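Before any comments, here is the structure.
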Amino acid sequence: MTTMISQVEQTLFRTQELVLRRFRGLAGLLRGKDPNEVHILEGVTESEMAATLDILEARWFQGSPDFNFNQWKGALWVATLWNFEMLRDLSIRKIEDMKPPPLEILPLAKKCNVTRLFSMAYIDLCMRSTPITAEEGELLGYRRFADLVSIRESRKRQPCSECRNWSISITCVSCVESARETVGVAIMKLPVTPAVGITE
């Protein structure tokens with residue numbers, strides 16, 4: 001099986017050719033190349049490349065490997081940049097399962113243009129009891145910050161039909177489900193401007 005050598009930053013990676021060819025964005029670069037030639041890959045960091053290869057080369061048949069948020073974040077960017085749809089979708093699903101905070105999600109959603117991650121962060125910001133912070137507001141931008149503040153205010157205008165609270169009670173199933181539905185519908189109506197032409 002052919003092994004190819006690629007260089008990312010100052011690190012050399014020896015990788016099976018079939019693994020690299022799964023990235024459609026690398027197909028042209030690798031076509032007709034000498035396997036012994038070093039291929040310089042740009043746009044990713046050494047840690048992002050290492051995380052991506054660890055995920056691709058893991059023994060998934062033995063169970064789901066335990067990769068952390070930073071590893072999935074790196075794999076998502078590499079898969080987005082070099083067009084590997086299956087890895088991109090897997091990375092998004094794993095990140096969704098981890099439920100990282102909005103401060104972690106918003107820059108990643110913007111960089112990789114993942115509407116689902118934007119929505120997850122927006123729902124978190126609208127559902128929680130604590131206000132949106134200045135740092136989160138800076139990431140959101142003025143217009144989106146105003147949109148989310150409006151959604152947060154709208155869900156407080158009527159009491160819960162079950163517990164009668166005006167604020168969301170995390171112990172009331174009706175409160176949580178109703179709020180999520182209201183917030184989800186409102187967020188779906190927000191305009192989305194794709195950053196790189198890829199949407200989820």
Side-chain angles (χ1 to χ4, degrees), residues 43-45 47-48 51-52 67-81 83-200:
V44 302
T45 66
S47 60
E48 290 168 341
T52 301
F67 296 110
N68 61 37
F69 171 71
N70 284 330
Q71 289 172 300
W72 285 115
K73 180 172 72 172
L76 175 56
W77 170 239
V78 173
T80 299
L81 181 66
N83 198 2
F84 188 170
E85 293 179 7
M86 288 182 62
L87 177 59
R88 176 178 158 86
D89 186 62
L90 175 63
S91 301
I92 291 170
R93 286 188 281 112
K94 291 295 185 180
I95 290 170
E96 287 175 326
D97 290 342
M98 292 179 177
K99 296 179 172 60
L103 281 176
E104 295 277 4
I105 283 294
L106 289 170
L108 179 62
K110 182 176 181 180
K111 181 179 183 180
C112 298
N113 194 25
V114 185
T115 304
R116 282 159 50 185
L117 295 184
F118 273 120
S119 296
M120 184 173 75
Y122 294 161
I123 289 174
D124 187 348
L125 291 169
C126 290
M127 287 287 295
R128 72 187 192 195
S129 58
T130 55
I132 299 174
T133 66
E135 191 174 3
E136 289 166 341
E138 186 175 346
L139 285 174
L140 289 166
Y142 176 76
R143 184 175 297 277
R144 190 47 47 93
F145 171 77
D147 288 336
L148 297 190
V149 169
S150 177
I151 293 172
R152 284 172 60 93
E153 290 301 315
S154 68
R155 68 171 173 76
K156 299 177 183 178
R157 290 176 187 162
Q158 56 185 3
C160 172
S161 60
E162 295 293 329
C163 69
R164 308 307 299 171
N165 283 337
W166 284 84
S167 59
I168 296 174
S169 170
I170 60 173
T171 60
C172 174
V173 174
S174 179
C175 262
V176 174
E177 289 183 351
S178 176
R180 282 196 178 278
E181 181 178 358
T182 301
V183 169
V185 169
I187 285 172
M188 288 295 290
K189 294 179 180 178
L190 295 177
V192 176
T193 304
V196 292
I198 302 173
T199 57
E200 290 297 329

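Every value quoted in this text rests on a predicted model; they were computed, and no experiment measured them. What's counted below: heavy atoms across the whole structure, side chains too, no hydrogens, waters or symmetry copies.
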Open item on the list: Closer than 4.0 angstrom, basic N to acidic O: yes or no for Asp147 and Arg152?
Closed with: no
Task: Nearest atoms (heavy-atom pairs only) where Ala121 meets Pro102 - done: O-CG, 4.1 Å
- [ ] Check whether any side-chain heavy atom of Asn113 lies under 4.5 Å from a side-chain heavy atom of Thr80, and answer yes or no.
- [x] no
Open item on the list: Return the CE to CZ distance between Met98 and Phe67, rounded to the nearest 0.5 Å.
Closed with: 10.0 Å
Open item on the list: Return the CD1 to CD1 distance between Ile95 and Ile105, rounded to the nearest 0.5 Å.
Closed with: 6.0 Å
Task: Pairwise distance OG(Ser47) to NZ(Lys73) - rounded to 0.5 angstrom - done: 9.0 Å
Task: Heavy-atom pair of closest approach, residues Arg88 and Val114 - done: NH2-CG2, 3.7 Å
TODO: Find out whether Phe118 and Ile123 are in side-chain contact, i.e. whether some heavy atom of one side chain is under 4.5 Å from a heavy atom of the other.
DONE: no
Throw together a table of side-chain donor-acceptor distances under 3.5 angstrom for residues 130-140, partners on residues two or more places apart or in other chains.
residue: Thr130; atom: OG1; partner: Arg128; partner atom: NE; Å: 3.2
residue: Thr133; atom: OG1; partner: Glu136; partner atom: N; Å: 3.1
residue: Thr133; atom: OG1; partner: Glu136; partner atom: OE1; Å: 3.2
residue: Glu136; atom: OE1; partner: Arg128; partner atom: NH2; Å: 2.4
residue: Glu136; atom: OE1; partner: Thr133; partner atom: N; Å: 2.9
residue: Glu136; atom: OE2; partner: Arg128; partner atom: NH1; Å: 3.0
residue: Glu136; atom: OE2; partner: Arg128; partner atom: NH2; Å: 3.3

TODO: Would you give the length of the straight line joining atom OG of Ser119 to atom CD of Glu96, rounded to the nearest 0.5 angstrom?
DONE: 9.5 Å
- [ ] Search all heavy atoms of Gly74 against all heavy atoms of Glu48 and return the closest pair with its distance.
- [x] CA-CG, 3.8 Å
Open item on the list: List the residues meeting ring pair (Phe, Tyr, Trp, His ring centres under 6.0 Å) with Phe84, not counting sequence neighbours, and say none if there are none.
Closed with: Phe23
Task: Side chains of Leu125 and Phe145 in contact at under 4.5 Å (non-hydrogen atoms) - done: no
Open item on the list: Would you say that Gln71 contacts Thr52 through its side chain, given a criterion of any heavy-atom pair below 4.5 Å between the two side chains?
Closed with: no
Task: Residues in side-chain contact (heavy atoms from CB on, under 4.5 Å) contact with Leu90, at least two apart in sequence or another chain - done: Trp60, Trp72, Arg93, Lys94
Task: Within-4.5 Å side-chain heavy-atom neighbours: Leu108 and Leu117 - done: yes
- [ ] With rounding to the nearest 0.5 Å, note down the distance linking CD in Glu153 to CG in Leu148.
- [x] 12.0 Å
Task: Value rounded to 0.5 Å, distance of CG in Leu81 from SG in Cys112 - done: 9.0 Å
